[in-house]
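One structure below.
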Amino acid sequence: MCGIVGYIGKKRNAIDTLIDGLKRLEYRGYDSAGFAVINNNKIKTIKETGKVVGLQRKLQEEWSEYKDTSINLGIAHTRWATHGEPNHDNCHPHCDNNEKFAIVHNGIIENYQALKTQLELKGCKFNSETDSEVIVHLISECFEGDLAQAVAATVKKLEGTFGIAAIALEDSNSMVVARSGSPIAIGIGNDETIVASDIAALVAYTKRVIFLDDDDLAVITADGVDIRTLNNVPVSRETTHIDWDTTDAEKGGYEHFMMKEIYEQPTAISNSIRGRLDFKLETAVLNGLNFTPIEMAQINRIIIAACGTSMHAGMVGEYYFEDLASIPTEVEQAAEFRYRNPIIEKNSLVLAISQSGETADTLAAVKEAQNKGAIVAGLCNVVGSTIARETGRGVYLHAGPEIGVASTKAFTCQTTVLLMLALKLGRNRRLSGQDGMKLIKEINNISTLVETVLEQADNIAQIAKKYAKMNNFFFIGRGYLFPAALEGALKLKEISYVHAEGYHAAELKHGPIALLEESVPVLALANDIAGKDKIIGNMQECRARKSPVIATATIGDKSIEEHSDDIIWIPECSEFVAPIVTVVALQLFSYYFAYERGCDIDQPRNLAKSVTVE
Ligand code: M6R
């Protein structure tokens, strides 16, 4: 949460690069935005509440001639408020009382209150309610002529998580960054260096990126980067080549990133699969897991730790691993995993699923699992993200950047990868070559099936429009479609702000059915797979309570018509593929529903793309 950007170089105006970077990071938080640059021997800051476009407007109003000045160094921030409401004073960057230093911060300083009290006793004046402001006052207090030394001394006093970028008026040729728990990526350009919380802000300028590790501090200049520990011991970090394109992180003619990403799914899924199906050995090839066949055969339990959409993908994975590989599997909400003191046995595999690879609770679960001696693997989309690096083994989705706050292509790629992993684990056990090949063919066909769903977009839009005034929804499913129902409800509530609950269809009668009435539609996932007959019964129960029923049904399955008011048609597929394909239809339903209600689809209120706080 929160995005930070820093620029140093002579190639372009720092402010334009900072604003461009903020726009690309806005999905990390959009409560307020601001930047600080060194100009005319002063630190100049401009801040504005709300989105980056507001900051841009303010820049034009207050300093339209900035382009005439050569500004080589600056830091910027887009905020997701934790401490203090999103007002002007709480916007980053924050300056010390003499305006000689400025910082931007992503993360949470847990001991800020104690530090603030100590600083206030020494006469320091605070201008905001944020936890972050203590950082800049501490830097000012610790400064003895060297910003890197002052930042090192400061961060040693901090408890919590941080990614920090700091500048000092005395030194307009460098910037200092440090991290503990919140990501910092450094883009190495020619005569310029760009720093950001996320590579999305860097790929327009360079493809060469260094990711800082926890407790690293780096002095950034236009010529490169000097990384050291907090005790000033030089360390070297590998340079990663990023293959994302700038256009991957732009809307490409779509009105919203969410829609672009929904439509990208056939390609994204193909990219997740590419080179990973072995037709000869009738299995999947997932080299990043780094398991020998013997190690793999020893895995006797799988625990999946994840949050939100990634957790729903994990729930589909649970069915896969048990059905195809006979490995007992459980899914844990990652925060619960961390605090519940889970029992980890020898040969337990903990699989952390995270699109961003930065989710704080999932990262904490990874650390807890490692601490307890589990084999830990990551399933991430963002290359070089903290979870991907922390786990050291795993599978990348290769879905390309997901910018819309509502996760879409991550879900379908995660489930596809989980299916490939189940195939691999299954073939390593009892799954026959024949069944392996059958599955390979199904996996290979997922993109085509998703395209068929996308062709139904107009029909889905009509249905969404028809129900767009309703304020309460239930999504119900069974078996493989139960996690899909949870994901459908999550999508609807997060982008349209209507109350939507996902339930196991059988659970409805154990309480929630009391809420059913004419104004509460039920979206029943009634595809022609195991459990269909039972869900038809549940649909009848709903209609008997006057709830309108929208069903998903397999193309050509007329039997659903008499039990539903509206139907979203899904192409025929096995139960393994059904949740992947059906969720695409639910994504479209939510999109059109939210669109009809005039919601801010890519940046829903109160949300941020990567949840880097507990
Ligand atoms: O980056 P992650 O996959 O770890 O994120 C987990 C959740 O925060 C995320 O899926 C969230 O639920 C999405 N907004 C759902 O659309």
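Atoms within a ligand are numbered from 1 in the order they appear, just like the ligands themselves. If you're wondering where the values come from, they're calculated on a predicted model, not measured in any experiment. Note that the numbering runs from 1 along the sequence shown for the chain.
Checking T309 against Q355 by side-chain atom types alone, no donor-acceptor pair falls below 3.5 Å.
Residues satisfying the ring pair (Phe, Tyr, Trp, His ring centres under 6.0 Å) test with H312, not counting sequence neighbours, are none.
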Acceptor/donor pairs from residues 473-486 side chains to any protein atom, 3.5 angstrom cut, sequence neighbours excluded:
{"from": "R478", "atom 1": "NE", "to": "N538", "atom 2": "OD1", "distance (Å)": "3.1"}
{"from": "R478", "atom 1": "NH2", "to": "N538", "atom 2": "OD1", "distance (Å)": "3.1"}
{"from": "Y480", "atom 1": "OH", "to": "Y319", "atom 2": "O", "distance (Å)": "3.3"}
{"from": "Y480", "atom 1": "OH", "to": "D323", "atom 2": "OD2", "distance (Å)": "2.8"}

List, one per line, each side-chain donor-acceptor pair under 3.5 Å for residues 367-377, sequence neighbours excluded.
{"from": "E368", "atom 1": "OE2", "to": "K372", "atom 2": "NZ", "distance (Å)": "2.6"}
{"from": "Q370", "atom 1": "NE2", "to": "E390", "atom 2": "O", "distance (Å)": "3.0"}
{"from": "K372", "atom 1": "NZ", "to": "N341", "atom 2": "OD1", "distance (Å)": "2.8"}

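When heavy-atom distances to ligand 1 are checked against 4.0 Å, the residues falling inside are C307, G308, T309, S310, S354, Q355, S356, T359, V405, A406, S407, L490, K491, E494, V611, ordered by chain and number.
A donor-acceptor pair under 3.5 Å is formed between the side chain of Q587 and the backbone N or O of T408.
A cation-pi geometry, defined here as NZ or CZ lying under 6.0 Å from the six-membered ring centre and within 45° of its normal, does not hold between R237 and F211.
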